[in-house]
Amino acid sequence: MKAEKLVEGFWQQLLPEGGIPRIPLSELKGLVLCGMGGSGIVGSVARTLLLKRGYEKPVVTVKDYDLPPFVKDGYGVVCVSYSGNTEETLHNFRQALERGLPVWCVTSGGKLEKLAREHGLPVALVPKGLQPRFAFGYMFSRLLLMLGFTEKELKDGAEFLRAEQDGLKKLALNLAERLYGFVPALYATPLTAPAAHRWKAQLNENAKTPSHDAVLPELHHNELMGWSNFLLRDKFVYLLFKDPEDHERNLLRAELTEELLKELGHNPVVLEGKGETLLKRTLWLINLGDWVSVLLAGLYGYDPLSIPLIKQVKERLEHA
Ligand code: PA5
């Protein structure tokens, strides 16, 4: 299926059928969400939503081989890998078993499904045959249900996005034209950081565009000094993501960021998700970024579905 069709139909992925295993969050000491790339971002977005909702235990994302040493007795581990064959995530899975921790998996199959079945562990399956990043909605909706979000919340989100498609595509075309020829600098608040990071990855993979993200308030302590470089700062288009539920000081910092960039002659694109809940606003921003990335790929003449370098690295590692 063409990338544009997949982006347009993103909302449909948010409507999983039943039978999704639930994670007993209140019984855990903490939760670890493992996954890389297009699967890893699923955990990052879910973590922000879960904590904003008031979950009182530590929730960490792991995008590396080793689980942190504190992840032991009482922690639960979720392994998300679309292919089920990602070596870092498989290593996390094995380590979690070695430490005697409960594990849940979200995958379309591969070694992860096989291992999970062998150990009698719960698996939420997603449809096969897609590129991982174009299956975000499938993995995300299943993970949210595992974490106690409701089918109604997901259905509302899906209906909302469905109705937004024309507007999103129009806005995305405008943004893609603005980004053409520049390196996107994606500045986010803590609540919008996962969506901005998804933009970064989609611009990298789909539009074959280097891009960079940084998060407030930290970016006020380093990133902004880079703007002094008159030779380099004009190579970027600046985008500023924020959410009405962010800490008021971060919202003030977002305004200040905009002001400072304007004083340097830049006109940052300010992006706030649409919708009355953080879930909807995050989905809206993600869907917008997906649109931008495939339309920008079109402007550059790239195939959004082709990722030869990622494949090459995986192959070389397999034989190393
Ligand atoms: O978008 C991609 O294809 C990658 O970022 C993959 O998601 C990443 O390499 C991990 O693979 P998987 O999602 O199959 O675990």
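Remember, it's 1-based here, ligands and their atoms both numbered in the order they're listed.
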[X] and [Y]: side-chain donor and acceptor closer than 3.5 Å?
X      : Y      : value
Lys200 : Asn204 : yes
His247 : Thr189 : no
Tyr65  : Glu87  : yes

Below 4.0 angstrom from a heavy atom of [X], which ligand 1 atoms are there? Numbered from 1 as shown, please.
X      : answer
Arg133 : 1 (O), 2 (C), 3 (O)
Ser81  : 12 (P), 14 (O), 15 (O)
Gly37  : 5 (O), 7 (O)
Lys314 : 8 (C), 9 (O), 10 (C), 11 (O)
Ile307 : 3 (O)

(request) Indicate yes or no: does Lys314 engage Glu318 in a salt bridge with an N to O separation below 4.0 Å. (result) no
(request) Name the orientation class of the two ring planes belonging to Tyr300 and Tyr302 (parallel below 30°, tilted from 30 to 60°, perpendicular beyond 60°). (result) tilted
(request) Decide yes or no for Met139 and Ser39: does some side-chain heavy atom of the first lie under 4.5 Å from some side-chain heavy atom of the second? (result) yes
[atom] [closest protein heavy-atom partner, distance rounded to 0.1 Å]:
atom                    : value
atom 12 (P) of ligand 1 : Thr86 OG1, 3.2 Å
atom 2 (C) of ligand 1  : Glu205 OE1, 3.1 Å
atom 13 (O) of ligand 1 : Ser39 OG, 2.5 Å

(request) Examine ligand 1 and decide if any of its atoms is less than 4.0 Å from a heavy atom belonging to Thr89. (result) no
(request) Would you indicate whether Gln312, at its atom CD, is surrounded by more than 12 heavy atoms from other residues, nucleotides or ligands within a distance under 6.0 Å? (result) yes
(request) Let me know which of Trp284, Trp199, Tyr187 forms a ring-ring contact (aromatic ring centres under 6.0 Å, His included) with Phe241. (result) Trp199
(message) Tell me whether Gln131 has any N or O atom under 3.5 angstrom from an N or O of ligand 1.
(response) no
(message) Tell me whether Gly38 has any N or O atom under 3.5 angstrom from an N or O of ligand 1.
(response) yes
(request) Check Asn85 against ligand 1 and report side chain, backbone, both or neither, counting heavy atoms closer than 4.0 Å. (result) neither
